[in-house]
Amino acid sequence: MCGRSSLTKTEKEIEVRFNATFYSDDLERYNPLPNFNVAPTHMMPVITNHTPDRIDLYRWGLIPFWAKDEKVGYKMINARIETLLEKSAFKTAAKSRRCLVPMDGFYEWKRDGKTKTPYRIIMKDDSIFSAAGLWESWKNDKGEEIFSFTVITQAPNDLMKGIHDRMPAILTPEQEKLWIDNDLAAEDAVSLIQPYPSDLMLAYKVGNRVGKVSENDAGLIEPIDDRPELLQGSLF
């Protein structure tokens with residue numbers, strides 16, 4: 001499961017990374033950046049297959065077009081890649097509504113008996129990356145349209161195996177272009193998802209405050225001590 005992430009870079013850095021632009025009205029309305037503790041229901045940037053040159057702000061937690069209540073989105077923050085083309089909530093979106101979900105880190109909790117320790121996982125160069133996602137458009141009883149997304153997850157790579165049994169489906173820049181290519185069939189898009197190279201990533205312990213949605217400041221991404229335990233991927 002991926003239930004928390006971060007996106008602490010500037011608007012301009014995100015635009016350059018994805019060769020796409022924000023609408024300033026959306027930025028002023030939602031004020032999403034920086035976000036050190038992205039959580040479900042937050043409005044966050046996505047790049048969709050319908051408008052790949054634009055960065056939209058959608059709500060985290062997919063609301064299928066057939067849903068009767070938007071609360072279903074709380075249960076749809078992730079979609080497992082293994083069953084993506086089987087589940088009714090995701091299979092239609094996988095064919096025609098794919099998106100990129102920008103991040104510069106994500107959080108996961110490592111269990112040791114009854115103890116759970118939060119880790120932040122990033123790229124070694126602290127760069128922006130993306131997870132494969134799906135998006136939907138849904139209308140409530142008032143006719144208001146809500147755009148939402150889910151983050152696709154997969155089995156862990158060697159780095160994540162020591163922390164958790166799932167991780168976001170991180171894409172390379174080359175895979176990003178294909179994932180939001182309207183001409184690529186869903187089956188072929190799903191086949192792109194492979195464990196991201198561990199040697200390009202690292203993980204470090206952070207404080208327990210990240211577990212509280214109300215906490216959102218730069219201190220959350222700081223290592224918990226001056227000599228943090230770093231978990232680094234290996235080529236071997």
Would you check if there is a donor-acceptor pair between the side chains of R80 and T153 at a distance under 3.5 Å? no
Working for side-chain contact (heavy atoms from CB on, under 4.5 Å), residues I221 and V206: CA-CA 6 Å; I221 66 173; V206 294; 5.7 Å; no
Once salt bridge (Lys or Arg N to Asp or Glu O under 4.0 Å) is applied, what residue pairs with a partner in residues 85-96 remain, sequence neighbours excluded? none
Salt bridge (Lys or Arg N to Asp or Glu O under 4.0 Å) contacts in which one or both residues fall within residues 39-67, not counting sequence neighbours: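 Passing the test, one end in residues 39-67: R54-D56, R59-E70.
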Under the 3.5 angstrom rule, does the side chain of [X] hit a backbone N or O of [Y] as a donor-acceptor pair?
X    : Y    : result
Q194 : S191 : yes
S198 : L159 : yes
N157 : Y196 : yes
T150 : L62  : no
K205 : P223 : no
S148 : W60  : no

With sequence neighbours excluded, residues passing side chain to side chain contact (heavy atoms under 4.5 Å, CB included) with [X]:
X    : value
D125 : M123, S127
T10  : K12, E13
D181 : D183, L184
R29  : none

Is any side-chain heavy atom of [Y] closer than 4.5 Å to one of [X]?
X    : Y    : answer
I55  : V46  : no
E108 : I121 : yes
R166 : N78  : no
M76  : V72  : yes
I122 : Y204 : yes
W109 : P118 : yes
I193 : W179 : yes
P45  : L7   : yes

Could you check whether K9 pairs with D126 (Lys NZ or Arg NE/NH1/NH2 to Asp/Glu carboxylate O, under 4.0 Å)? yes
When you check the gap from the basic side-chain N to the acidic O, do D104 and R17 get nearer than 4.0 Å?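 Not counted as a salt bridge, because no side-chain N and carboxylate O are separated by less than 4.0 Å.
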Please list, chain by chain and in numerical order, all residues satisfying ring-ring contact (aromatic ring centres under 6.0 Å, His included) with F18, sequence neighbours excluded. none
Looking at [X] and [Y], what are the two nearest heavy atoms and their distance?
X    : Y    : answer
A94  : A186 : O-CB, 3.6 Å
L27  : P32  : O-CD, 3.9 Å
S6   : R120 : OG-NH2, 3.0 Å
L192 : Q175 : O-NE2, 3.0 Å
Y58  : F149 : O-CE2, 3.4 Å
A131 : L171 : C-CD1, 4.5 Å

CG/N182: more than 12 non-hydrogen atoms of other groups inside 6.0 Å: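 Buried by this count: over 12 neighbours within 6.0 Å.
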With sequence neighbours excluded, what pairs up with R98 under the side chain to side chain donor-acceptor pair (under 3.5 Å) test?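 None.
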Full working for side-chain contact (heavy atoms from CB on, under 4.5 Å) between I14 and I128: CA-CA 7 Å; I14 298 169; I128 302 168; 3.9 Å; yes
Please list all pairs meeting side chain to side chain donor-acceptor pair (under 3.5 Å) that have one or both residues in residues 130-142, counting only residues at least two apart or in different chains.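 Qualifying pairs: N49-W135, R97-E136, S130-E176, S137-E145, N140-E144.
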Restricting to pairs with a member in residues 33-44, which pass side chain to side chain donor-acceptor pair (under 3.5 Å), not counting sequence neighbours? R4-N37, N35-H42, N35-N216
Got a second to check how far [X]'s [atom1] is from [Y]'s [atom2], nearest 0.5 Å?
X    : Y    : atom1 : atom2 : result
F129 : S5   : CZ    : OG    : 8.0 Å
M167 : K161 : CE    : NZ    : 11.5 Å
L134 : T48  : CG    : OG1   : 12.0 Å
M160 : I170 : CE    : CD1   : 8.5 Å
D26  : N31  : CG    : CG    : 12.0 Å
N19  : I47  : CG    : CD1   : 10.5 Å

Count I, L, V, M, F, W, Y as connected when their side-chain heavy atoms are under 4.5 Å apart, and connections chain through other members. Are V16 and F22 then in the same cluster?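 Different hydrophobic clusters.
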Are V213 and M44 grouped together when hydrophobic residues (ILVMFWY) are joined by side-chain heavy atoms under 4.5 angstrom apart? no
Which ring pair (Phe, Tyr, Trp, His ring centres under 6.0 Å) pairs, counting each pair once, include a residue from residues 69-106, with sequence neighbours left out? none
Would V151 and I77 count as a side-chain contact (heavy atoms from CB on, under 4.5 Å) if you check the C-alpha gap in whole Å, the side-chain angles of each, and the deciding distance to 0.1 Å? CA-CA 6 Å; V151 174; I77 65 171; over 6 Å; no
For side-chain contact (heavy atoms from CB on, under 4.5 Å), just list the numbers for K177 and I180, CA-CA rounded to whole Å, side-chain angles, deciding distance to a tenth of an Å, and then say yes or no. CA-CA 6 Å; K177 295 180 176 66; I180 57 174; 5.8 Å; no
Tell me, with the steps shown, if R209 and D217 meet salt bridge (Lys or Arg N to Asp or Glu O under 4.0 Å). CA-CA 10 Å; R209 282 198 304 127; D217 60 75; 2.8 Å; yes
ILVMFWY clustering at 4.5 Å (side-chain atoms), partners of F65: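 Besides F65, the cluster holds W66.
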